[in-house]
There are 2 protein chains.
Amino acid sequence: MIDKYKVADQSIQITEQQNMIRVAVDVALFTIRDEKFQILLIKRGIPPFLGFWALPGGLIRTNLGKLGEDPKSAAIRELREETGLTVAPGHIEQLKTYGSPDRDPRNRVISIAHLGIGPNLDNPSGGSYAIHAEFIPVEGIDQEFKLAFDHKLIIDDAIDRARSKLEYTTLATEFCPPEFTITQLRTVYEIIWSIPLDPGNFQKKVLSSPGFVEDTGKNANPLSGGGRPARLYKSGSTAMINLPIRRN
Amino acid sequence: MIDKYKVADQSIQITEQQNMIRVAVDVALFTIRDEKFQILLIKRGIPPFLGFWALPGGLIRTNLGKLGEDPKSAAIRELREETGLTVAPGHIEQLKTYGSPDRDPRNRVISIAHLGIGPNLDNPSGGSYAIHAEFIPVEGIDQEFKLAFDHKLIIDDAIDRARSKLEYTTLATEFCPPEFTITQLRTVYEIIWSIPLDPGNFQKKVLSSPGFVEDTGKNANPLSGGGRPARLYKSGSTAMINLPIRRN
DNA sequence: GCAAAAGTGTTACCCTTACACCCATGT
DNA sequence: ACATGGGTGTAAGGGTAACACTTTTGC
């Protein structure tokens, strides 16, 4: 019942190099482009999985300063290094850790996956070293789509998380520019959930949820072809929605 | 923008011992005892944090077989080794990974925290090596309560997760014996949320939620002092509740 | 004026809530 | 018979969904 290794581990771990594992971070960065829900992927330029798509990511560094970097910082750094894109700390969160012993064919790597949201992103810079980064519509990522490691699993989990967080948090505002109209916000829900929502009811629900959005007093420029100018709102400070937006 | 270390990491990681980190698992194991919501903690018998309370846990092993163990297995093993208690794989899930560089004063350790539910548990066996395990009511864990490392943070996150999962999953049935009455199930909600629920309305909501519970056809023994014998149910196969149990 | 998009009003319907009431058992 | 806990019925209130309607612009 009691294992003799238990205390041994705790006493030797200060000096010995045992039971150490490589720890990576991966980032599932989503955006909306061309009215599609898209995810940032890189095309691998080295084996294993040469030519396969993968999430941007890499090992957490231990040689920076005395103790190393925390996982979220590592995720932001790897994203920048591999794609040239920068995401704010407020727009990235931990998703889940993937630790199956055989998930990397070379040797053991545990990955702390992150979920990121990127509004108004530049085009990713295709890195050197034959690494190519691109936004890919999530609808196109099916069984045919060649993904490295267990990244298909991670992407599916990330999509699920993003879709369900729309319902009870203000995540949707992170897909919008700093000032946006209610219609723009509704379009985010419609694109990510792939369903139409009633414009009138959506408007009332968002405005009746305290702290969801904040009125700027300004109006957006009317579209060409006419239509009443929409009022501009900015994201509120509150994180949770009291009246959930529903998917029925 | 592009960092020269990027490809270097990927090519040398097969051979060199760089950027490796100790990875631990910790378990927040909850149960209901004496009509209280309780968590399993151990009293540390070695420095650092000698005499402080901590979550059961330890390092993931890399020397078992070729590649090592997966995090969930490690969590179940550490729990058994440190407390003598066994939890089924279906009653434990990953909570979150804690990776702040300075969370362990000795050296860098990243911990994959797990959330476990233990119905009908034996008393934890106080381990040898001066390690003492005990169930502690969560209401007693305040700022005065001395917890090691960042375990106060982990416990708070675990309690939040457990409380919110009651609402939209069948987690509450995991606190019950294999066959239970609706009143027993309601008591789980009442204890964990610290609020009373209407017995009649609770009954109807649970029974109208397909797959939440399954009728065994049997009745429980009537309590001494009278009362109609309650019907016995068992946990259904469905994981999600369509009509959420609310906390208002 | 007409089309188009933003925003408000209205109503039937459903679910929830609160609580009364019946059922089955021990003493 | 009475107390006790299990379980069902019911009616008032609140939120939602569907859709009609008004407002404000471009052409």
Side-chain angles (χ1 to χ4, degrees), chain A residues 35 166-168 172-173 176-177 179-191 193 195-210 212-234 240-248, chain B residues 35 166-168 172-173 176-177 179-191 193 195-210 212-234 240-248:
Chain A
E35 300 181 341
L166 284 190
E167 199 161 331
Y168 57 93
T173 62
C176 295
E179 300 190 335
F180 53 87
T181 67
I182 300 292
T183 295
Q184 280 182 288
L185 185 64
R186 175 169 47 82
T187 305
V188 170
Y189 282 88
E190 293 178 328
I191 289 171
W193 283 349
I195 53 162
L197 295 173
D198 183 280
N201 292 336
F202 183 85
Q203 179 109 4
K204 279 174 288 185
K205 187 168 280 189
V206 168
L207 295 182
S208 70
S209 206
F212 193 169
V213 294
E214 210 173 304
D215 196 335
T216 66
K218 291 183 283 185
N219 277 353
N221 295 324
L223 309 175
S224 72
R228 174 175 171 175
R231 187 166 288 261
L232 282 170
Y233 295 87
K234 58 183 177 182
M240 300 302 278
I241 304 176
N242 19 15
L243 303 173
I245 312 285
R246 305 214 188 218
R247 265 192 270 191
N248 305 324
Chain B
E35 300 181 341
L166 284 190
E167 199 161 330
Y168 57 93
T173 61
C176 296
E179 299 190 337
F180 54 87
T181 67
I182 300 291
T183 296
Q184 280 181 288
L185 185 65
R186 175 168 47 82
T187 305
V188 170
Y189 282 88
E190 292 177 329
I191 289 172
W193 284 348
I195 53 161
L197 295 173
D198 183 280
N201 292 336
F202 183 85
Q203 180 108 5
K204 278 176 289 188
K205 187 168 279 187
V206 168
L207 295 182
S208 70
S209 205
F212 193 169
V213 295
E214 211 172 303
D215 197 334
T216 66
K218 292 183 285 187
N219 277 351
N221 294 326
L223 308 175
S224 71
R228 173 173 170 177
R231 187 166 289 260
L232 283 170
Y233 295 87
K234 58 183 178 182
M240 300 303 277
I241 304 175
N242 19 15
L243 303 173
I245 313 285
R246 305 213 188 218
R247 264 191 272 191
N248 305 324

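Chain A is the first sequence line, chain B the second, and so forth, proteins listed ahead of strands; every chain is numbered from 1.
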For [X] and [N], what is the distance between atoms [atom1] and [atom2] respectively, to the nearest whole Å?
X: Asn201(A); N: dT11(C); atom1: CG; atom2: P; value: 15 Å
X: Tyr233(A); N: dA6(C); atom1: OH; atom2: P; value: 12 Å
X: Arg231(B); N: dC23(C); atom1: CZ; atom2: C1'; value: 13 Å

Exercise. Donor-acceptor pair under 3.5 Å: do we get one between Lys204(A)'s side chain and the base of dG9(C)?
Worked result: yes

Problem set entry | Qualifying residues under side chain to side chain donor-acceptor pair (under 3.5 Å), relative to Lys204(B), sequence neighbours excluded | none

For this session: Taking side chain to side chain donor-acceptor pair (under 3.5 Å) as the test, write out the residues that go with Glu214(A), two or more places apart.
Result: none

Could you check which of [options] has an atom nearest any side-chain atom of [X]?
X: Arg186(A); options: dC19(C), dA6(C), dG6(D); value: dA6(C)
X: Thr183(A); options: dA6(C), dG7(D), dA18(D); value: dA6(C)
X: Asp198(B); options: dT8(D), dC19(C), dC19(D); value: dC19(C)

Are any protein N/O atoms closer than 3.5 Å to N/O atoms in nucleotides 23-25 of chain D? If there are, list each pair with its distance.
| unit_1 | atom_1 | unit_2 | atom_2 | d |
| --- | --- | --- | --- | --- |
| dT23(D) | O2 | Arg228(A) | NH1 | 3.4 |
| dT24(D) | O2 | Arg228(A) | N | 3.1 |
| dT25(D) | O2 | Gly227(A) | N | 2.8 |

Problem set entry | Tyr189(A) versus Leu166(A), closest heavy-atom pair with distance | OH-O, 3.1 Å

Once you round to the nearest 0.5 Å, how far does [atom1] of [X] lie from [atom2] of [Y]?
X: Gln203(B); Y: Leu185(B); atom1: CD; atom2: CG; result: 10.0 Å
X: Glu167(A); Y: Tyr168(B); atom1: CD; atom2: OH; result: 11.0 Å
X: Phe212(A); Y: Thr173(A); atom1: CZ; atom2: OG1; result: 6.5 Å

